[in-house]
Amino acid sequence: MTAEPGATERPDREPEDDDPERDGAGTGFHPVDQVPAPGRLLAGGFQHVAASYAGVVAPPLVLGAALGLPPKEVTFLVGAALFTAGIATLLQTIGFWKVGARMPFVNGVSFAGVAPMLAIADARAGHRDALPVIHGAVIVAGVLGFVLAPSFCRLVRFFPPVVSGTVITLIGITLLPVSFGWIQGGRPDRPASLTNLALAGATLVTVLVLRRLLSGFLRQIAILLGIVAGTLIAVPTGVVDTTATRHAALVGFPTPFHFGHPVFEVPAIVSMCVVMLVCMTESTADMLALGEIVGRRADEKVIASGLRADTLGSAVSPFFNGFANSAFAQNIGLVAITRVRSRYTVAACGLFFVLLGLSPAFASLIALVPQPVLGGAGIVLFGTVAASGIDVLRTAGLDQGDNLLIAAASLGMGLIPVVSRAFYDNTAIPETLKIILNSGVSAGCLTAVLLNLAFNHVGRGRRAP
């Protein structure tokens, strides 16, 4: 990608005694392509599992409950989501041919598709009958996205630092309420209990103390150690729920088309195609953010390959009862904190997901981590992403031209759905438009791109942005 004015390369960090990638020093490989030692590889992969597990299982849990599925079927949906997230993550990190960004990206079920899928279900008399319709729509949307990936990636030229920095900041800011919701026990409409606040605070303090005192490998996995410590602290409080563990089977394969063969209906397909475009927009922003953090800029070729992995993973997921997949922004913060940039660490996470999907009993062990504990760790993870975006904005030349105005308006548009989820609940607004507006990252990203075009490109070809 051609560097935009002001888009100076970020200086590499100075070497430290506890550099997590020192084992690959002198190999000639970029840190992204280095393979950590087995112990570090597995521990780092499991840390990514802990950071993203809640995000992967939340959509099938919400959808399963809304469809009125019995607990056994909901558990099946969760296993399918884990299994397909693992496949999508392996496609993204290892890849083949022109598929996969080959960057440390975790892919999982996109929450952007939950509302449209619920709308598809509400339009049918039998909610369970909606799953084949949903799966058919996701297959078509995934195939369409795969075809569009080479063209869609060209949008990267419209992402100078003022745009990419704004979007990266929004990614972190829009994720922070997720961690707050976890601290509130999954009930954002209710205040957090003192127990939940204490658990979140203990986890946060533990992570910060470990990052300050530890060195080397233990410092890398401070987030994981903090989550384990928070879970152990939570045991005496009775917050740790072992129900899922007691009823989970040891082995269970996500039988293809368990809920019926896919059904293709035009309204559902149109709705999921819009969702796919939103997912592709967010994934593009995520790849740009991760490229800044790992020191390998995401150019058009990388983004096209990454989008192919997203969309191919989405097209394949319904065969195993999964849903649309996209890049998980929460793991970007983990990469930034640990500085473990190896894509093979995240590939190990993908392998763990596949194994968890094949063993509900082991998957349920991850579910033992209470939400407030995840919330405490999430404050660090998601806050780091926002801080990385601010760092990019620092190089964007906000004192030049109208860049400050572009960043300000875009941040404002992106924050609307974060501050008020009901802001666009007007029946006059088309549902397809609501999908975009209710995603802070998509709304802010589109605003930033359009304003950058208006102020720095259209009719101002000779003016530097």
Specify the closest pair of heavy atoms between Ala80 and Gly322, including all atoms of both residues, with the distance to one decimal.
CB-N, 4.5 Å
Passing candidate, side chain to side chain donor-acceptor pair (under 3.5 Å) with Asn107, options Asp310, Thr89, Thr84:
Asp310
Shortest non-hydrogen contact between Pro31 and Arg341, atoms and distance:
CG-NH2, 3.2 Å
Side chain to side chain contact (heavy atoms under 4.5 Å, CB included) partners of Arg296, counting only residues at least two apart
His30, Val32, Asp33, Val294
With Pro256, which residues qualify under side chain to side chain contact (heavy atoms under 4.5 Å, CB included), at least two apart?
Phe253, Phe320
Between Asp286 and Phe328 (side chain of the first, backbone of the second, donor and acceptor by atom type, cut-off under 3.5 Å), is there such a pair?
no
So Pro160 and Asn452, do their side chains get closer than 4.5 Å, heavy atoms only?
yes
Examine distances only and state if a side-chain atom of Arg308 and a backbone atom of Ala149 form a donor-acceptor pair shorter than 3.5 Å.
no
For residues Val56 and Leu82, determine if any side-chain heavy atom of one lies less than 4.5 Å from a side-chain heavy atom of the other.
yes
Full working for side-chain contact (heavy atoms from CB on, under 4.5 Å) between Ile416 and Tyr424
CA-CA 9 Å; Ile416 290 175; Tyr424 295 111; 3.6 Å; yes
Report the distance from atom NE2 of His258 to atom CG of Leu77, rounding to the nearest 0.5 Å.
8.0 Å
Quick one: does any side-chain atom of Gln371 pair with a main-chain N or O of Gln184 as donor and acceptor, under 3.5 Å?
no
For a side-chain contact (heavy atoms from CB on, under 4.5 Å) check, start with the C-alpha distance between Ile379 and Ile183, then their side-chain angles and the critical distance, and finish with the verdict.
CA-CA 10 Å; Ile379 290 176; Ile183 297 173; 4.0 Å; yes
If we ignore hydrogens and angles and just use 3.5 Å, is the side chain of Ser342 paired with the main-chain N or O of Gln34 as donor and acceptor?
yes
For a 4.5 angstrom cut-off between non-hydrogen side-chain atoms, does Val49 reach Leu356?
yes
Hey, does Phe105 have a side-chain heavy atom less than 4.5 Å from the side chain of Val335?
no
Tell me if a side-chain donor or acceptor on Thr93 pairs with a main-chain N or O of Tyr344 at a distance below 3.5 Å.
no
With no hydrogens and no angle check, is any side-chain donor or acceptor of Ser359 less than 3.5 Å from a backbone partner on Leu355?
no
With heavy-atom distances below 4.5 Å as the criterion, would you say the side chains of Val147 and Thr311 are in contact?
no
Can you find a pair of side-chain heavy atoms, one from Pro104 and one from Thr345, that are under 4.5 Å apart?
no
Nearest heavy-atom contact between Ala309 and Val99 is CA-CG1, 3.7 Å
Is there a donor-acceptor pair under 3.5 Å between the side chain of Gln92 and the backbone N or O of Ala101?
yes
Indicate the ring-plane relationship of Phe46 and Phe352, choosing parallel, tilted or perpendicular according to the 30° and 60° boundaries.
perpendicular
Measuring from atom CD1 of Ile332 to atom CG of Leu288, what distance do you get when rounded to the nearest 0.5 angstrom?
9.5 Å
Heavy-atom closest pair, residues Gly45 and Ala348
CA-CB, 4.1 Å
Residues which pass side chain to side chain contact (heavy atoms under 4.5 Å, CB included) with Phe257, listed by chain and number, not counting sequence neighbours
His261, Pro262, Phe319
Nearest 0.5 Å please: distance from the CE atom of Met280 over to the OG atom of Ser326.
11.5 Å
Output, in order, the C-alpha distance, side-chain angles, deciding distance and verdict of side-chain contact (heavy atoms from CB on, under 4.5 Å) for Leu131 and Phe323.
CA-CA 10 Å; Leu131 282 172; Phe323 307 101; 4.1 Å; yes
Indicate the atoms forming the closest heavy-atom contact of Pro370 with Ala234, along with that distance.
CG-CB, 3.7 Å
Roughly how far, to the nearest 0.5 Å, is CD1 of Ile293 from CE of Met103?
9.0 Å
So which heavy atom on Val109 is nearest to which on Ala81, and how close?
CG2-CB, 3.8 Å
Given 3.5 Å as the limit, does a donor-acceptor pair link the side chain of Ser410 with the main chain of Ala407, or not?
no
CG of Leu374 to CH2 of Trp182, rounded to nearest 0.5 Å, is 5.5 Å
Rounded distance (nearest 0.5 Å) linking atom OG1 of Thr284 with atom CG of Leu307
4.5 Å
